[in-house]
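To keep things clear, I will list the structure first and then write my remarks on it.
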Amino acid sequence: MLVALVAIATHVSIGLPSGHLAYLSGTDLDDRTLCVVDLSTSTHQRVGNGRRDGAPCWSPDGEWIAYTTNGEEGVEVRILRPDGTGSKAVSQAHTWNESPRWSPDGKRLAYAGGEGLQKTIMVYDLVSGEEQAWGGGHPGLLRPTWLPRNDLLLLLTSEDSAWAEQIVPVGADIKTTPALLAMGIVGLPGAFTTDIFVATPFGAAPLPPTVLPSIEPREEWCAEPAFDGKALAFESNDGGDREIFVLTKRGAADVSNHHAADWNPVWSPDSRWLAFESFRDGMRGIYRISRDAVRVIPVAVDANADCWDATWSSDGQHIAYVSNRDGDPSIYITAIEGGGVEALMDAPGEELAPAWSPREGD
Amino acid sequence: MRRGAAVFVLLATAAGARDSAGLLSTIITPNEGVPAVLLAGTTFDAVVTAQGDLSLRREAETVALEVEWLPLPGDRDLARCLVPENAAAGAYELVISGDGVADNLVRAVWVVESFPETYAIAHITDTHIGSTRHARASEDIFLDLVEHVNASDAAFVAITGDVTENGDAEQFQSFLEVLNRCTKPTFVCAGNHDRQALHYEHAFGPLDYWFTYGEDGYLVFDTKDFMVSAGLDGQDSLLQRFRRAIMPCRWRIGLTHRYEFDMGMRSQLTLFVDNPLDYLIYGHWHRANATNAEAMPWPGVRATVTPAAINGAMRMFRIGPAVEGAGIEAGPVMEIAGVGEEAAR
């Protein structure tokens, strides 16, 4: 169904790039539907199942979108073309599935499958159509993200062969072994903590404490490798409140450092910048910082409203985000240089979870 | 006629000016499920859909409020209301009037003489109004619990969700009618059974809020979007800010309908990990928890689950100064109301 809902609500003074933006639209959780807008024509298309659809995730070539939606039972992962064609469920083994993420080559899709602490990382192979548990079926693994390159693993395994044996068979080439990161829940009930795990088709192991900011147990979350594979952003409550850390071959550094919570790091396409959310000015706002953490630059901050869920345009010149500045959560777009804000549309209901197509000029 | 039904007819004439369907109109908060409890000479915040003159009313007495208006996103305004020093203690109706504006809500504002260092709260959960699972009407079972609370020393009542059987507007009206028999402030949150359209929001307003009682902070939050991609709609923002707001409090206590590990991880990090609540009180299970670890997997947070009101049960908590690590004590499960044929007669 092709519907021109409403043109870009305000004037196009910030020079919106062309391209496609996927997002969720609805009046309530129950009717949240995956939509795609062609920014050059302001044509919005409802493409999702419309049954509590979850946040969209584009394949690296921009040809597919993965998302979660209510199935006959539980929540399934589905993929479809941006025009809504080719829709099919990919999750098989588990009734409940969440957090789909594409591999850098677009040939695999990882997600967490299962319930509660039994969740594990499942990987769907788009070529074979088969689903496989990764990490040796290690339970308590959530929120997978792919490692674009294995530089980090090579560094770790060169220093600790015993650690390497947990994730690859002896003699295997770590350089060519596909790997992803997942957030792991560890410990017994009543004493939970979280760790960043590395998972391969063979096994899973938490990152050695020696590479983290401190060896004390901390609760990490949102591990996000840079697209160039040379850095890893993650959250930790090391230091008391939640901060954004960046791990490189030089070690881990707190790049957001503020006594208010900082969370949800999102790399720019060129891996030079991190967008993140912070409460440092009272409300939840979006800020950016260079990988070297020279200074924190506000991107979308409102004294009376929250701004969240940043997504970079493919050229890194714009950020789309959600804000409740006009009441219901709606999507806005701002330019990285020069500011300015445009509302994506002017229609009743909620717009959530924007995701910009990664294809340049698309 | 059933005993409960007779009471409801009488109450209808005394209820506040919700619209004909029992829905909130101009005044959103405070209301019967999200009341303001404060000392005279202090302020409370009211959220309204139109500006007007605000006052408190109790029988023939009217107390004018000094109001500072603050903007809110969307079509709402926040009124910061100063209660005069000479306002007497008691339950008040909040009234708004003005050009084309008229609304009033009973039991919305409670002026107290003092906040005791040690006090009791009542926990009622899972009233399931409209349920026919027992011979006795759900309204009658709930009314027995309310009457028990009225006779107790509870400072207020926490009612943590599944207040209706399936979220029908009529069930919310029935719930409200019994609720307004309570002579204590009643703080309500939504449960998974209360999700049908926006009936809960129309009956009680916000799904998440915080309040203080004396030195203690309470964070009331909704987990009815259980096992879905939580946090997309900005609830995480509220929880983070609310958690910071009650940070300086003596005790920080969470009230919710349902906690399970599958709720959004961001919410869990905010509430139970980075700056953990001291205590979480919830329901949903229709049974009590056997151990703390069963009710709360994260370290450092105590948690208690209270069995369902629809089965006649409730629980009292005693809140006081920290003594050897304690200070929040869960009382035993109290079987207050009969649910079968004998009780129905």
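Lettering follows sequence order; numbering is per chain, from 1.
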Counting only heavy atoms closer than 4.5 Å, note whether [X] contacts chain B via side chain, backbone, both or neither.
X      : result
A:S323 : neither
A:M283 : both
A:D306 : side chain
A:D28  : side chain

*Pick one of side chain, backbone, both or neither for B:N292, based on which atoms fall under 4.5 Å of a heavy atom in chain A.*
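Neither part, no heavy atoms under 4.5 Å.
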
_Structural part of B:R76 lying under 4.5 Å from a heavy atom of chain A_ =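 Neither part; nothing is under 4.5 Å.
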
*Sequence neighbours excluded, which residues qualify as side chain to side chain donor-acceptor pair (under 3.5 Å) partners of A:Y67?*
none

_side chain to side chain donor-acceptor pair (under 3.5 Å) partners of B:H193, counting only residues at least two apart_ = none

Side chains of [X] and [Y]: closer than 4.5 Å at any heavy-atom pair?
X      : Y      : result
B:T270 : A:R242 : no
A:N237 : B:V273 : yes
B:L232 : A:D309 : yes
B:F261 : A:I185 : yes

_Chi angles and distances behind the ring pair (Phe, Tyr, Trp, His ring centres under 6.0 Å) call for A:F192, B:F272_ = CA-CA 10 Å; A:F192 275 7; B:F272 312 130; over 10 Å; no

*Taking A:R218, A:E350, A:E235 one by one, which has the highest count of heavy-atom pairs under 4.5 Å against chain B?*
A:E235

_Heavy-atom pair count under 4.5 Å with chain B, highest-scoring of A:V322, A:N264, A:D328_ = A:N264

*asked:* Shorter than 4.5 Å, heavy atoms on both sides: which option in B:R244, B:M296, B:E294 has the most such pairs with chain A?
replied: B:R244

_Counting heavy-atom pairs under 4.5 Å with chain A, which one of B:G300, B:S237, B:A303 comes out on top?_
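Maximum pair count with chain A is reached by B:S237.
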
*Heavy-atom closest contact (A:P189 atom, B:A293 atom, distance)*: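 Of all heavy-atom pairs spanning A:P189 and B:A293, the closest is O-CB, 3.5 Å.
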
*Nearest 0.5 Å please: distance from the CG atom of A:L352 over to the CG atom of B:D233.*
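A:L352 atom CG to B:D233 atom CG measures 6.5 Å (nearest 0.5 Å).
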
*If you measure from OG1 on A:T194 to CG on B:L269, what distance do you get to the nearest 0.5 Å?*
6.5 Å

*Thinking salt bridges, do A:E277 and B:R266 make one under a 4.0 Å N-O criterion?*
no

*Counting N and O atoms only, with roles assigned by atom type, does the side chain of A:R284 sit under 3.5 Å from a partner on the main chain of B:R241, one being a donor and the other an acceptor?*
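No; zero donor-acceptor contacts below 3.5 Å.
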
